[in-house]
Amino acid sequence: MSAAPAVILAGGLSRRMGGGNKALRMLAGETLLARVIARLAPQCGRLAINANGDPGAFAEYGLPVIADGIAGFAGPLAGVLAGMEWAADQGADSVVSVSVDTPFLPQDLVHRLFEARGRSGMAIAASSGDGGRLRDHPTCALWPVALAPELREALESGLHRVGQFAAAHDPGRAVFDSRPLDPFLNLNTPEDLARAARLV
């Protein structure tokens with residue numbers, strides 16, 4: 001079986017980061033995007049970037065850049081749809097999504113997602129917190145591309161929460177230990193970047 005394709009979700013407006021292109025923010029001398037590519041590329045097949053605006057901003061990475069097919073910056077769920085439709089064009093039956101602001105992704109993420117697939121073929125990442133409580137990270141997930149028409153309909157009807165769409169399809173969960181560091185730590189603010197730089 002060939003490795004599943006994957007899409008890096010980098011299409012947001014980065015309001016809490018002060019605007020601009022979050023994917024190209026620097027963390028200890030490398031962009032967030034470069035760090036996520038380094039983690040994800042060895043695990044997957046073809047890799048694409050979901051981003052809106054000028055695709056030339058990502059030219060140095062040599063990856064296809066796919067924009068949302070839903071207008072108006074509809075959030076990461078629109079990026080998941082773009083990834084599904086791109087993967088379907090590659091002849092794939094599933095696609096992995098990750099967020100560009102998670103530079104500490106597990107190096108066995110894709111394998112573990114496939115192992116955890118639920119009845120629908122979907123799996124989401126989760127991390128165990130204090131007291132054994134699980135925290136879902138639905139932007140880091142395995143999606144069957146057959147769900148693309150349903151997802152498009154949901155987006156066009158106003159649904160924008162990734163977790164809500166995922167939960168409706170009884171996903172499996174790939175659970176990762178959050179000690180000593182949650183591998184899905186996401187960086188939303190300049191302060192988050194500064195803290196992450198101390199962890200690198």
Side-chain angles (χ1 to χ4, degrees), residues 2-105 107 109-110 113 124-125 137-149 151-152 154-156 159-160 162 165-166 184 186-188 192-193 196:
S2 59
V7 60
I8 299 171
L9 305 176
L13 295 173
S14 305
R15 290 190 183 95
R16 285 187 286 171
M17 194 66 83
N21 200 327
K22 184 193 287 189
L24 302 180
R25 291 292 181 113
M26 302 299 291
L27 173 59
E30 292 185 90
T31 64
L32 291 179
L33 178 57
R35 288 184 174 275
V36 171
I37 291 171
R39 290 268 175 164
L40 187 60
Q43 306 183 48
C44 67
R46 295 199 66 187
L47 186 56
I49 302 166
N50 162 242
N52 301 298
D54 179 12
F58 306 100
E60 69 180 272
Y61 297 95
L63 296 174
V65 179
I66 52 176
D68 293 349
I70 301 289
F73 290 96
L77 202 50
V80 170
L81 175 61
M84 283 182 179
E85 293 176 339
W86 166 77
D89 288 345
Q90 314 302 311
D93 59 10
S94 57
V95 64
V96 172
S97 68
V98 303
S99 176
V100 76
D101 62 5
T102 52
F104 303 110
L105 288 171
Q107 293 175 320
L109 172 65
V110 175
L113 286 171
I124 62 175
H137 305 281
T139 56
C140 296
L142 174 69
W143 307 90
V145 301
L147 290 177
L151 177 52
R152 177 172 285 278
L155 279 160
E156 289 174 347
L159 178 70
H160 297 297
V162 182
F165 184 80
F184 303 101
N186 61 314
L187 312 182
N188 291 311
D192 290 343
L193 267 177

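These numbers come from the heavy atoms of this one structure, side chains and all, not from hydrogens, waters or symmetry mates. Computed from a predicted model, the values in this text were never measured in an experiment.
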Next item on the list: Write down the atom of Leu109, the atom of Ala125, and the distance for their closest heavy-atom approach.
Entry: CD1-CB, 4.2 Å

Item checked: Gap separating the CG atom of Asp68 from the CG atom of Leu81, nearest 0.5 angstrom -> 8.5 Å

Next item on the list: Mind checking the CG-CD1 spacing from Leu32 to Ile8? Nearest 0.5 Å is all I need.
Entry: 11.0 Å

Margin query: If you compare all heavy atoms of Val145 against all heavy atoms of Ala87, which two are closest, and at what distance to 0.1 Å?
Written below: CG1-CB, 3.9 Å

Notebook entry, point to check: If you look at every heavy atom in Ile124 and Ala166, which pair is closest and at what distance?
Noted result: CG2-CB, 4.2 Å

Next item on the list: Go through Val110 and Leu40 one step at a time and tell me if the side chain to side chain contact (heavy atoms under 4.5 Å, CB included) criterion holds.
Entry: CA-CA 8 Å; Val110 175; Leu40 187 60; 4.0 Å; yes

Next item on the list: Mind checking the CZ-CZ spacing from Phe104 to Arg35? Nearest 0.5 Å is all I need.
Entry: 7.0 Å

Next item on the list: Give a yes or no answer on whether the side chain of Ser97 reaches the backbone of Val7 with a donor-acceptor pair at less than 3.5 Å.
Entry: no

Note to self: Can you confirm whether Thr139 sits close enough to Pro76 that some side-chain heavy atom of one is under 4.5 Å from a side-chain heavy atom of the other?
What the structure shows: yes

Notebook entry, point to check: In Å, rounded to the nearest 0.5 Å, how long is the span from CZ of Arg46 to CG of Leu63?
Noted result: 9.0 Å

Next item on the list: Decide yes or no on side chain to side chain contact (heavy atoms under 4.5 Å, CB included) for Asn21 and Phe58, but give the supporting numbers first.
Entry: CA-CA 10 Å; Asn21 200 327; Phe58 306 100; 3.3 Å; yes

Check: What distance separates Glu60 CD from Thr31 OG1, expressed to the nearest 0.5 Å?
Finding: 7.0 Å

Notebook entry, point to check: After noting the C-alpha distance and the side-chain angles of Leu105 and Cys140, does the key distance pass the side chain to side chain contact (heavy atoms under 4.5 Å, CB included) rule?
Noted result: CA-CA 9 Å; Leu105 288 171; Cys140 296; 4.0 Å; yes

Notebook entry, point to check: Which heavy atom in Met84 sits nearest to a heavy atom in Pro144, and how many Å separate them?
Noted result: CE-O, 3.7 Å

Checklist line | Neighbour count above 12 (heavy atom, 6.0 Å) for Gln107 CD | finding: no

Note to self: Testing the basics here: between Trp143 and Pro138, what is the closest heavy-atom pair and its distance to 0.1 Å?
What the structure shows: CZ2-O, 3.4 Å

Check: Considering all heavy atoms of both residues, which atom of Ala48 and which atom of Ile66 are nearest to each other, and what is their separation?
Finding: CB-CD1, 4.3 Å

Notebook entry, point to check: How many angstroms lie between atom CG of Leu77 and atom CG of Leu155, to the nearest 0.5 angstrom?
Noted result: 4.5 Å

